[in-house]
Trainee: 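To start, I am sharing the structure in question, which I have written as structure tokens.
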Amino acid sequence: MTLTPPLGTPPVRDTVIQLERVTKVYRTGTLSVAALRGVSLSITEGEYVAIIGPSGSGKSTLMHILGCLDVPSSGGYHLAGEDVSHMSETALAEVRNRRIGFVFQQFNLLPSMTAWQNVELPMVYAGVPRAERKERAMQALGRVGLAGRVGHRPGELSGGQQQRVAVARALVTEPDLILADEPTGNLDSKSAADVLRLMAELHESGRTLVLITHDTDVASAAGRVVGIRDGLLTENDRRYLESIR
């Protein structure tokens, strides 16, 4: 017999990120530096989470772990149910391409390629057929409001438009997680506000977003705020923002 949940019961959401007592220690000769010191964090499908901390807090190291750009020294990390804690670099690269869409401060667009060609790149690596790649790239650019700029190269676009291309590239593979590292850091205030509105729209459509930032105003746009300092997570709520303003 199938049980029907009571009316008004919120749907059960899958866990996208599950960190369990993660540490990261960097060693140079006899010197050891603990960048993360036992971090545990759970993020469910559809959440919009900002991770905020000052320089040297461990947020960049945490971003590298979350993005499968590095592995923990100890502890566990499951991404969309898959244990990625001790994978090889080859396996991590496959997970990154399949499960994560990245948005970086520097845009990381290839200047010789048009907007749609930049957006299709993750699908090239994934082996998607050429005709399907272009169609999906065009659709992704339309979703971020750049349907009229698909043939423009990065040098012909404003900073805000370039970041929108980067967001479209992050979306095009339908990843489990969109990871944005200081996405407004190189933008003027108007372009930054436009990108944050786009992030809010993605969240409203059900996307899981994690935004790494040092800016309290940017962090306040998220639905949940997690602070990090000295390699440890602080209060997982907005009181942290008030304490560092």
Trainee: How about L41 and V22: do any of their side-chain heavy atoms sit closer than 4.5 Å?
Mentor: no
Trainee: Does any part of the side chain of R169, heavy atoms only, come nearer than 4.5 Å to the side chain of P122, both counted from C-beta?
Mentor: yes
Trainee: Sub-3.5 Å donor-acceptor pair from the side chain of R153 to the main-chain atoms of S112, do we have one?
Mentor: yes
Trainee: Which is it for I228 and L36 under the side-chain contact (heavy atoms from CB on, under 4.5 Å) test, yes or no, and what are the steps along the way?
Mentor: CA-CA 9 Å; I228 184 168; L36 297 177; 3.9 Å; yes
Trainee: For residues A35 and T61, report the shortest heavy-atom separation together with the two atoms involved.
Mentor: CB-OG1, 3.5 Å
Trainee: Mind checking the CG-CG spacing from L141 to L146? Nearest 0.5 Å is all I need.
Mentor: 6.0 Å
Trainee: Do Q18 and E20 get their side chains close enough for a donor-acceptor pair, meaning under 3.5 Å?
Mentor: yes
Trainee: Can you give me the closest heavy-atom contact between P154 and N118, atom names plus distance?
Mentor: CG-ND2, 4.1 Å
Trainee: Please name the pair of heavy atoms, one in R21 and one in S40, separated by the smallest distance, quoted to 0.1 Å.
Mentor: N-OG, 2.9 Å
Trainee: Counting C-beta onward and ignoring hydrogens, is there a side-chain heavy-atom pair between T15 and I43 closer than 4.5 Å?
Mentor: no
Trainee: I need the minimum non-hydrogen distance between F107 and A166, along with the two atoms involved.
Mentor: O-CB, 4.0 Å
Trainee: Output every pair passing side chain to side chain donor-acceptor pair (under 3.5 Å) with a member in residues 120-131, not counting sequence neighbours, ordered by first then second residue.
Mentor: E120-R133
Trainee: What residues form a side chain to side chain contact (heavy atoms under 4.5 Å, CB included) with R37, not counting sequence neighbours?
Mentor: A34, D230, L232
Trainee: Is there a donor-acceptor contact under 3.5 Å from the side chain of T208 to the main chain of G46?
Mentor: yes
Trainee: In this structure, would F104 and L179 fall into the same cluster of hydrophobic residues linked by side-chain contacts under 4.5 Å?
Mentor: yes
Trainee: In Å, rounded to the nearest 0.5 Å, how long is the span from OG of S57 to CG of L62?
Mentor: 9.0 Å
Trainee: Given 3.5 Å as the limit, does a donor-acceptor pair link the side chain of Q163 with the main chain of P183, or not?
Mentor: yes
Trainee: Can you give me the closest heavy-atom contact between M87 and D83, atom names plus distance?
Mentor: CE-O, 3.4 Å
Trainee: When hydrophobic residues are tied together by side-chain contacts of less than 4.5 Å, even through go-betweens, does L211 share a cluster with L187?
Mentor: yes
Trainee: Just by modelled atom types, is the T44 backbone N or O under 3.5 Å from a matching donor or acceptor in the E47 side chain?
Mentor: yes
Trainee: Could you walk me through whether V165 and H152 satisfy the side-chain contact (heavy atoms from CB on, under 4.5 Å) test, starting with their C-alpha distance in whole Å, then the side-chain angles of each, then the deciding distance to 0.1 Å, before giving a yes or no?
Mentor: CA-CA 10 Å; V165 173; H152 288 62; over 6 Å; no
Trainee: Using the side chain to side chain contact (heavy atoms under 4.5 Å, CB included) criterion, which residues pair with E135? Sequence neighbours excluded.
Mentor: Q139
Trainee: Mind checking whether V226 and V218 sit in one hydrophobic cluster, side chains of I, L, V, M, F, W, Y counted as touching below 4.5 Å?
Mentor: no
Trainee: If you round to the nearest 0.5 Å, how far is NZ of K59 from CG of L233?
Mentor: 13.5 Å
Trainee: Any pair with a residue in residues 95-105 that passes side chain to side chain donor-acceptor pair (under 3.5 Å), sequence neighbours left out, goes on the list, sorted by first then second residue, please.
Mentor: E82-R98, E82-R99, E89-R96, E94-R98, R99-D176, Q105-N186
Trainee: Give the cluster check for Y48 versus V210: same hydrophobic cluster or not, with ILVMFWY residues linked at side-chain heavy-atom distances below 4.5 Å.
Mentor: no
Trainee: If you measure from CD on E182 to CD on Q106, what distance do you get to the nearest 0.5 Å?
Mentor: 10.5 Å
Trainee: Could you tabulate the donor-acceptor pairs under 3.5 Å formed by side-chain atoms of residues 190-200, not counting sequence neighbours?
Mentor:
from: K190; atom 1: NZ; to: D194; atom 2: OD2; distance (Å): 3.4
from: S191; atom 1: OG; to: D188; atom 2: OD1; distance (Å): 3.2
from: S191; atom 1: OG; to: D188; atom 2: OD2; distance (Å): 3.4
from: D194; atom 1: OD1; to: R197; atom 2: NH2; distance (Å): 2.1

Trainee: Find the distance between CZ (R164) and CG (L157) and round it off to the nearest 0.5 Å.
Mentor: 12.0 Å
Trainee: If you group Ile, Leu, Val, Met, Phe, Trp and Tyr by side-chain heavy-atom gaps below 4.5 Å, do V225 and L202 land in one group?
Mentor: no
Trainee: Atom CD1 of I178 and atom CD1 of I100: how far apart are they, to the nearest 0.5 Å?
Mentor: 11.5 Å
Trainee: Is it true that the side chains of D215 and T213 contain a donor and an acceptor less than 3.5 Å apart?
Mentor: no
Trainee: Which pairs of donor and acceptor atoms, one on a side chain in residues 68-81, lie under 3.5 Å apart (sequence neighbours left out)?
Mentor:
from: D70; atom 1: OD1; to: K24; atom 2: NZ; distance (Å): 3.2
from: D70; atom 1: OD2; to: K24; atom 2: NZ; distance (Å): 3.4
from: S73; atom 1: OG; to: V25; atom 2: N; distance (Å): 2.9
from: S74; atom 1: OG; to: T23; atom 2: OG1; distance (Å): 2.5
from: Y77; atom 1: OH; to: L66; atom 2: O; distance (Å): 2.8

Trainee: Kindly give the heavy-atom pair with the smallest separation between G231 and V39, and that separation in Å.
Mentor: O-CG2, 3.5 Å
